[in-house]
Peer 1: 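Pasting a structure below so you can have a look.
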Amino acid sequence: MHRAVGIGFDHMHIGDQLRLAAANTSVEVVGVVDSSLERMARVCSDVGLSDVPQVLTADADAALDEWAPDVAIVCSTTAEHRPWVERLAARGIHVVLEKPFGPHVTEVDAMVAAAERWGTLVAVNWPLAWVPAHRTTHRLATGGAIGRVLEVHYYDGNRGPLRHLHDKIELDPTEADRADAWWYSKAAGGGSLLDYLGYGTTLGTWFREGEAPRSVTAVAHVPAGLEVDEQSVVVAAYEGGLSTFQTRWGTFTDPWTHQPQPRCGFVVTGTEGTISSWDYQPYVTVQDHGHPEGRQVPVDVPAPHEQDSIAALVHSLDTGTPLDGPMSPSVCRTGQRVVDAAVRSVEEGRTVTLDALDEAADTGARR
């Protein structure tokens, strides 16, 4: 039996992750940690964990000593990912880290290094990675159904990060709520680009079996009065052509209730066909030479350990198999490199090559 703790209630997915952990027969939730007792109590009550010990962040070390967990679910602000992973890895605690991996690739590398040093796993949870349509698309794309993958086109987002909580509980935020939220703080790792671009670049890397682009060109829209973007458009140049990744806070509807227009999800094109894979849809549409009009392919039923991040980590720990797909550090790192290039492209108003980005990261790491 694995002993799990929840750390950081800044990201609303903490409730969803704790619910999954509580439902897993190989996991016992032994405690939660956050900077707000009120926030912890509300979420724990909603997910049926009111009796679980709840302590403030300042008392985390003593609580971890007492609870002796071997797994931590971290849903802190993005800026706090590295400190938590390093702190937990030194205790021998495996981490399920809510997306994105980190604010930039040097932080990602530090987290991976900490996990390797202490012999722990750090697994990144990308909720879209568990959507059966996208897992089906991966099987088809890597299985040759559309030939060699040439392009991945992605558009995704929601009405805004303050419009829902865990379990997709809907809210009606005020301007004051936005002013106080970490999601709208640049220092905390806010913005739609950091929130949603990693989905597209990480799953896109998975669809492409690890291939990275040569260069990235990006623009972002920062509304007046804000310090972070609510929309971004990214063009990535690969050997076989251009791929596009778009993020949006402010879609007309949330894709888990009604697909907005543009639709949220992926279109993958190859030398022999195309696949459209929309979020939460029960089928994907495949075009090929035999069906140029397109045919609907029912989504696969994922194996139990391919349905959520908690099950995937438990499976990896119990079987000794490495993390794979969008949870694997290597796939996530490539996705993060594209995100970093996009951030720099926005800041500098120019195309950024990944080689130049890597050279800059190496130079910074040696200082």
Side-chain angles (χ1 to χ4, degrees), residues 11-17 19-21 23-24 73 75 96-101 123-143 145-146 149 152-159 161 164 166-168 192 195-209 243-249 251 253-269 274-286 294 296-313 315 323-328 331-332 335:
H11 199 298
M12 76 287 290
H13 290 174
I14 183 66
D16 307 309
Q17 293 289 81
R19 188 184 293 282
L20 289 169
N24 191 303
I73 302 163
C75 292
V96 175
L97 185 66
E98 187 57 33
K99 61 85 187 169
F101 205 157
V124 183
N125 177 48
W126 300 96
L128 287 184
W130 314 112
V131 172
H134 304 330
R135 301 196 76 84
T136 304
T137 293
H138 173 260
R139 176 180 63 79
L140 293 169
T142 59
I146 58 171
V149 173
V152 175
H153 300 285
Y154 162 83
Y155 179 96
D156 226 304
N158 55 47
R159 291 185 302 141
H164 61 280
H166 55 280
D167 296 333
K168 306 305 185 196
S192 83
D195 185 26
Y196 263 92
L197 181 57
Y199 274 125
T201 61
T202 303
L203 270 69
T205 299
W206 187 41
F207 296 155
R208 306 181 80 110
E209 301 187 87
S243 292
T244 58
F245 304 95
Q246 299 188 54
T247 70
R248 183 71 170 111
W249 285 350
T251 57
T253 53
D254 292 314
W256 51 82
T257 54
H258 303 286
Q259 271 285 3
Q261 297 186 114
R263 288 186 178 187
C264 291
F266 294 85
V267 174
V268 183
T269 73
T274 72
I275 306 169
S276 64
S277 181
W278 307 122
D279 296 351
Y280 316 112
Q281 198 155 351
Y283 60 86
V284 299
T285 301
V286 178
Q296 292 183 357
V297 177
V299 300
D300 300 340
V301 178
H305 68 278
E306 296 179 338
Q307 296 183 10
D308 65 75
S309 62
I310 306 301
L313 180 67
H315 175 78
L323 296 166
D324 62 4
M327 289 194 86
S328 72
V331 172
C332 289

Peer 1: Considering only residues two or more places apart or on different chains, which pairs with a residue in residues 255-269 satisfy side-chain hydrogen bond (donor to acceptor under 3.5 Å, both in side chains)?
Peer 2: none

Peer 1: Say you draw a straight line from CG of L20 to CD1 of I73; how long is it, rounded to the nearest 0.5 Å?
Peer 2: 8.0 Å

Peer 1: State the NE2-CD distance between H315 and Q307, to the nearest 0.5 angstrom.
Peer 2: 12.5 Å

Peer 1: Does W278 reach the side chain of D156, with side-chain heavy atoms less than 4.5 Å apart?
Peer 2: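 Not touching, per the 4.5 Å side-chain cut-off.
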
Peer 1: Is there side-chain contact between L140 and I146, with at least one heavy-atom pair below 4.5 Å?
Peer 2: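 No - every pair of side-chain heavy atoms lies 4.5 Å or more apart.
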
Peer 1: Closer than 3.5 angstrom, by distance alone: can the side chain of S328 be matched with the main-chain N or O of G325 as a donor-acceptor pair?
Peer 2: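 Present.
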
Peer 1: Using 0.5 Å steps for rounding, measure from the OG1 atom of T202 to the CZ atom of F207.
Peer 2: 11.0 Å

Peer 1: Hey, is the main chain of A133 close enough, under 3.5 Å, to the side chain of S277 for a donor-acceptor pair?
Peer 2: yes

Peer 1: Heavy atoms only: give me the nearest S243-R208 pair and the separation to one decimal.
Peer 2: OG-NH1, 3.0 Å

Peer 1: Which atom pair, heavy atoms only, marks the closest approach of Q281 to V299?
Peer 2: O-CG1, 3.6 Å

Peer 1: Could you pull out the closest heavy-atom pair between Y280 and L128, with the gap in Å?
Peer 2: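 Result for this residue pair: OH-CD2, 4.0 Å.
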
Peer 1: Using atom types as modelled and distance alone, determine if a side-chain donor or acceptor of T205 lies under 3.5 Å from a backbone N or O of V331.
Peer 2: no

Peer 1: Sequence neighbours left out, what passes ring pair (Phe, Tyr, Trp, His ring centres under 6.0 Å) with Y155? Give chain and number order.
Peer 2: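 Per chain and number, Y155 pairs via ring pair (Phe, Tyr, Trp, His ring centres under 6.0 Å) with no residue.
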
Peer 1: Give a yes or no on whether the backbone of W249 and the side-chain of R159 come within a donor-acceptor separation of less than 3.5 Å.
Peer 2: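 No; judged by distance alone, with no hydrogens or angles, the pair does not exist.
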
Peer 1: Which atom pair, heavy atoms only, marks the closest approach of P161 to M12?
Peer 2: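 Smallest interatomic distance, heavy atoms only, reads O-CE, 3.2 Å.
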
Peer 1: Is the shortest side-chain N to carboxylate O distance from K168 to D254 below 4.0 Å?
Peer 2: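 Here K168 does not pair with D254 in a salt bridge, since their nearest N and O are not under 4.0 Å apart.
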
Peer 1: I'd like to check H11 versus K99 (side-chain heavy atoms, cut-off strictly below 4.5 Å). Are they in contact?
Peer 2: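 Yes; the side chains approach each other to less than 4.5 Å.
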
Peer 1: So, N125 side chain and L97 main chain: donor-acceptor pair closer than 3.5 Å or not?
Peer 2: no

Peer 1: With side chains defined as the heavy atoms from C-beta onward, is the minimum distance between T137 and F266 less than 4.5 Å?
Peer 2: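 In short, these two side chains do not touch, never coming nearer than 4.5 Å.
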
Peer 1: Start with the C-alpha gap between H134 and D279, add the side-chain angles, then the distance that decides, and say whether side chain to side chain contact (heavy atoms under 4.5 Å, CB included) holds.
Peer 2: CA-CA 8 Å; H134 304 330; D279 296 351; 2.8 Å; yes

Peer 1: Are any non-hydrogen side-chain atoms of W126 and C332 less than 4.5 angstrom apart?
Peer 2: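 When only atoms from C-beta onward are counted, C332 and W126 do touch, with a gap below 4.5 Å.
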
Peer 1: If you round to the nearest 0.5 Å, how far is SG of C264 from CG of N158?
Peer 2: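 Nearest 0.5 Å value for the CG-SG distance: 8.0 Å.
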
Peer 1: Search all heavy atoms of Q17 against all heavy atoms of C75 and return the closest pair with its distance.
Peer 2: CG-SG, 4.5 Å

Peer 1: Please tell me if the side chains of V96 and I310 come closer than 4.5 Å, counting only heavy atoms from C-beta onward.
Peer 2: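 Touching, per the 4.5 Å side-chain cut-off.
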
Peer 1: Mind checking whether D167 and R19 have side chains closer than 4.5 Å, heavy atoms only?
Peer 2: yes

Peer 1: Check P255 against P260 and note the closest heavy-atom contact, atom names and distance.
Peer 2: CA-CD, 3.9 Å

Peer 1: Within the structure provided, determine whether W130 and M327 are in side-chain contact (heavy-atom separation under 4.5 Å).
Peer 2: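 Yes, at least one pair of side-chain atoms sits under 4.5 Å.
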
